[in-house]
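Structure first, commentary second.
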Amino acid sequence: MRTREPMWRRYARFFGPDANADVDDELADHLARLRDDLRARGLPEPDVEMGLRNRFGDVDMVRAKLRRDDGRRLKRRFRLEAVGNVAQDVQYALRRLRQQPGFTATVLVVLALGVGATTAMFSAVDAAMLRPLPFKDAGQLVLMPSVTLPSPYRDLTGPTRDDFQPTWANMRAMPGLISGIAAYFSTTANLFDPERPARVTVGHASADLFNVLGAVPIVGRVFSDSEARVGGPRLTVLSYGFWQTHFGGRDMLGKAISLDGNPFTVVGVMRAGFTFPDRSDLWVPIPVPFPPPVLDFSRGFPPQPNTIARLAPGVSVDQANARLYSLWHADPRTHPPAWMKDWAQKEQERWEQTAVPLQQSFVGDRRVTLLVLLGATGLLLLIGCVNVTNLLLSQAALRRREIALRAVLGASRGRVIRQLLTEAVLLSLAGTAIGVAVAPAAFRLLSTVMPPTLAGLAPPELDFRVLAFAAGLALVTGIGFGLWPAVTTSRSDLADSVRGAGATGAGGQGRNGARRVLLVAELALTVMLLVGAGLMLQSFRRLTGVRTGFDVDHAATLRLDFGSPAPPTTVRRQRIASILERVSTAPGIQAVAATGALPLDAPSAMGLGISAEGVPDRPKTERPRMATYLVVSSGYFAAMGIPLLRGRTFSAGDDALDTDGASPRAAIINRALADSLWPGGDPLGRWISWSGRSAKMTVIGVVANVRFFGLNRRPGPQVYVPIEVAPPVSVALVARGALPPAALLARLRDGVHAVDPLQPVYDVRTLDDVVRQSVAVPRTDTVLIALFGGLALVLAVVGVYGGIAYSVAQRRIEFGIRAALGATGRDLATLASRELLYVATVGLLLGLTGAWAAARLLGSLLYGVGVHDASTYVVAAVVLLVPAIVATMVPARRAARTNPMDVMRQE
Amino acid sequence: MGGPVDILRGTMDVLILRAVSWGPIHGYGVARWIEGATGEALKVEEGTLYPALHRLEERGLIEAAWGLSENNRRARFYTITTPGRKELRHETAAWTRFAQAMGAALDAPGPSAAPAEG
């Protein structure tokens, strides 16, 4: 009874089961039989149709119901089947991956490194330099250097520049273009706190600053417009960090704190993480209009308020500039009068750029480093992807036979591709997941390497966009190249593959070529990174190997500032003397001294023109001879460990002032100055003078050169004069003694507080730290690039191992035959590693050439080593080559042990 | 006994299982068997057989295969599966019990014969 359907019926269902057609057929069959039956009973035709209806019911209704129900069932069954298949695929894939632990682990490690390390590195770079400022919609924030705070004093005699360019008031009146404008600057001040005197960074903020930056207080409030005026109440808002560390987070609202002797009432605490500008500990209001600050010559120029604005939503910086320019250019009233044309001409360009993106002004001179580090990040990610690609390609080639066999046994192309896709997805997902899991840990590790002073405005934070990008790239690479064998195999001749042509190498030439190219690319990129890392390391070694000129051991330093307004000169002189006397008599102190500016401490020492006895002044058209002017107490050279080369150091009486009331009678010069003024001569007893002054200072001693402005800067000419002549407002104390640093510092602190218990001290550290911190930036750059190089090296070695291991596996038959024909193990090993030799040579040459060309980028970051330092290039090549050769040994030895009988049996 | 009664809900499945239990049979055959076996006492609207057949197939109680009928039309043949047989046994037993219980109840004397409560 069960007969087979005719062939053509199969084609009717060629595109899969068709529920509707089945229903129609089944019902048609039933109705036909029923009709035949009724006819056979001899019913007349009209009665037949009635009988049909009677017995069967409503055909259309039944058909509709069946079609609906069956269609639904079919769909459900498909879905179930698909799920079942996927489960089966996953199971099979897991089994396969477990069967090749080496391959699986390698791909996982590479993917994890690629994703995790790249993200961590990028986030570190990003935190140091690149991060969008941690403000709400930071892209809308701009600086407006040409727009200044209104001044309460109006020049009554004529037009001012503000009449011809956008002003503060103008900006506030353009809500469609600018949604807010504010001013800020920062100073430092002494916090008079009986328990914990501190030097604090004070952010000066116009009332709108917090609003413009989108910063809200977590406690209390910020300043109002009516409070930020001349003569307004003295209010302050604390930063969260300072509130926590200094006040222990206790309730401060309404309490007064004393800044440089003035009481300020705390009205709020800012949210955590907001410290703009310059890591402010607290903020005070800037009065608007802003009176010009009183000049305090002991401190140099007062800080100028900067103007920051928020562009209205949707307005770009270019649009804002164009609009402002056209507004001010279109109005004849804002055209400067003829006599101001020169100024107007000069200002023209600045007008066209009223608004400068905030981000741009903060990245500044770190651009080169940024570029280098970002380049390195990109290279690393690239190497990772190339590596995975290569591993998967190798794997793919090995599987050609298996896949071809499955195809021959009846697996559809879709089925095979789905199986391979499952494997690729599993592998990529697992590797990427590990990478994502590793990224935060790697990042925390990196954060400890990064000095906090470098971490820019934003606290370091893992960048999830980058993580997503790296993970996405890894997934695409993994899946894309995991599918490769299915795609190529289904195209090629199955029979060929099964016979083994693919496995012996004859058929896989094209793919081997692709593999080699990738390996070459990987090695080349790695060499480039290694050369970069080598140059940076070399440079850093040279930099830290530089002789500073002073003795960093057993010496410590701290700073104090007499506050603002500064006490009179006589008071400062007296206090410095008292402190030095106190400390010098403390046990364990060998020497103690005071100075205005420590070497390598980002000093802002003055350079002055000088004249000297017997040395003709330079013509007016040339730059005058310059020397750095330093004030030091008599024990300075002993405390710093700077050798006295000739003569003597300061003693009592040297601080007597000349008739001009500003110059001392005696000075000590450094060797650089002595050599430039009187080469070969004896400077002792000769005079020098500041250009334009008549007072002559007698040279009483010559001291060794000291690196002052940076380890990478050659020592320049220096003149030391007694500190009593011009006691600075901000003083650095240095103590030397055979005590632990903490004890040494305690002596210094005690000395200061014995004289003034409320005097805050800061920058408390050893001299060694001073030097170390002066190279914090190059150290971070070096550590980062070295890490990039190291990671790239690991990836490259893994890649080489994978490549050679693959090639050995692929050539098993060949090796077996050669062994059978009498090749020794050594011959086979050589044969196996010959491919590496070829690939490595090309890769190294390309990489070294690339590095040679790209090294110029590093130029400005290097010290004491040329960008084309040959030895570094050689070392980089060796560093890559040695582990690569070791990585080759493992598969090569496997090749050497090839037993012909085993091969024959297996094949 | 008067005219044919409408088939009871839930009884159709048992009848179909019984019908297919003898070997492959198409829907029309099932209709004819029910008609004959019940002495035409049960009225089956034949169209309603098919949803029931397909539902049983979905539940795995019967299997269907396309075949060719005597006059060369595509016809769908149903056979019972092992779970189907089990179900049939179970349902048959249940029906028998039900019918006996119903019979006993309908033959039982009225409530007035019961002893009166105090």
Side-chain angles (χ1 to χ4, degrees), chain A residues 1-13 17-41 50-81, chain B residues 3-7 12-13 15-16 19-36 38 40-81:
Chain A
M1 186 148 184
R2 221 175 163 175
T3 44
R4 296 202 52 90
E5 54 183 314
M7 279 302 283
W8 66 267
R9 276 287 182 192
R10 291 187 195 168
Y11 296 104
R13 304 283 183 291
D18 181 344
N20 291 348
D22 283 352
V23 167
D24 292 350
D25 282 358
E26 191 169 22
L27 294 186
D29 178 53
H30 188 110
L31 291 172
R33 285 169 196 272
L34 194 51
R35 192 176 283 119
D36 290 352
D37 260 13
L38 293 176
R39 281 192 190 127
R41 288 184 203 178
M50 239 205 6
L52 269 183
R53 258 201 78 76
N54 249 339
R55 293 185 145 229
F56 193 86
D58 188 339
V59 179
D60 290 337
M61 226 171 71
V62 169
R63 182 185 292 127
K65 179 175 168 53
L66 282 178
R67 280 182 165 204
R68 197 176 60 237
D69 290 358
D70 286 7
R72 214 176 283 152
R73 271 179 209 135
L74 200 61
K75 251 184 242 159
R76 195 176 328 139
R77 203 166 58 226
F78 267 1
R79 237 173 284 143
L80 281 175
E81 254 171 41
Chain B
V5 294
D6 277 345
I7 199 156
M12 176 83 97
D13 287 358
L15 285 177
I16 292 175
V20 299
S21 64
W22 285 286
I25 182 172
H26 44 63
Y28 186 74
V30 173
R32 292 285 75 74
W33 178 83
I34 293 178
E35 198 182 36
T38 61
E40 301 196 17
L42 287 181
K43 180 179 174 246
V44 179
E45 201 165 65
E46 294 172 17
T48 59
L49 265 180
Y50 286 94
L53 276 168
H54 290 196
R55 202 168 51 237
L56 288 173
E57 186 195 355
E58 172 76 8
R59 287 171 61 196
L61 301 180
I62 57 177
E63 262 176 355
W66 284 102
L68 218 56
S69 67
E70 315 77 69
N71 41 17
N72 239 358
R73 265 192 311 267
R74 238 165 76 85
R76 212 153 183 246
F77 291 90
Y78 297 91
T79 40
I80 196 162
T81 62

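Order of the sequence lines fixes the chain letters, A, B, ..., with proteins taken first and strands second; residue numbering starts at 1 for each chain.
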Note to self: Please evaluate residues B/Tyr50 and A/Val23 with respect to the criterion side-chain contact (heavy atoms from CB on, under 4.5 Å), reporting the C-alpha separation (whole Å), side-chain torsions for both, the decisive distance (0.1 Å), and the verdict.
What the structure shows: CA-CA 9 Å; B/Tyr50 286 94; A/Val23 167; over 6 Å; no
Notebook entry, point to check: Does any heavy atom of chain B fall under 4.5 Å from the side chain of A/Arg63, the backbone, both, or neither of them?
Noted result: neither
Next item on the list: State, to 0.1 Å, how close A/Val62 and B/Gly47 come at their nearest heavy-atom pair, and which atoms those are.
Entry: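 For A/Val62 and B/Gly47, the tightest heavy-atom pair comes out as CG1-O, 3.3 Å.
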Notebook entry, point to check: Looking at A/Arg33 and B/Ala75, what are the two nearest heavy atoms and their distance?
Noted result: NH2-CB, 4.0 Å
Check: Can A/Asp29 and B/Tyr28 be said to form a side-chain contact (heavy atoms from CB on, under 4.5 Å), step by step?
Finding: CA-CA 8 Å; A/Asp29 178 53; B/Tyr28 186 74; 5.5 Å; no
Notebook entry, point to check: After noting the C-alpha distance and the side-chain angles of B/Glu45 and A/Phe56, does the key distance pass the side-chain contact (heavy atoms from CB on, under 4.5 Å) rule?
Noted result: CA-CA 5 Å; B/Glu45 201 165 65; A/Phe56 193 86; over 6 Å; no
Checklist line | Most chain A-contacting option - heavy-atom pairs closer than 4.5 Å, from B/Glu58, B/Glu46, B/Arg55 | finding: B/Glu46
Note to self: Please rank B/His54, B/Arg76, B/Glu35 by heavy-atom pairs under 4.5 Å with chain A and give me the top one.
What the structure shows: B/His54
Check: Got a sec: does the CZ of A/Arg39 have more than 12 other heavy atoms crowding it under 6.0 Å?
Finding: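 Counting neighbours around CZ of A/Arg39, more than 12 heavy atoms of other residues, nucleotides or ligands fall under 6.0 Å, so yes.
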Notebook entry, point to check: Picking from A/Leu27, A/Asp37, A/Asn54, which has the most non-hydrogen pairs under 4.5 angstrom with chain B?
Noted result: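 Option with the greatest count: A/Asp37.
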Check: Out of A/Leu31, A/Leu66, A/Asp69, which one racks up the most heavy-atom pairs below 4.5 Å with chain B?
Finding: A/Leu66
Next item on the list: Quick one: pull up OG1 in B/Thr48 and CG in A/Asp58 and give me the separation to the nearest 0.5 Å.
Entry: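 Separation between the atoms: 12.0 Å.
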Next item on the list: Sort B/Arg32 into side chain, backbone, both or neither according to what part of it lies under 4.5 angstrom from a heavy atom of chain A.
Entry: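 The side chain, not the backbone.
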Check: In terms of heavy-atom proximity below 4.5 Å to chain A, should B/Glu57 be classed as side chain, backbone, both, or neither?
Finding: neither
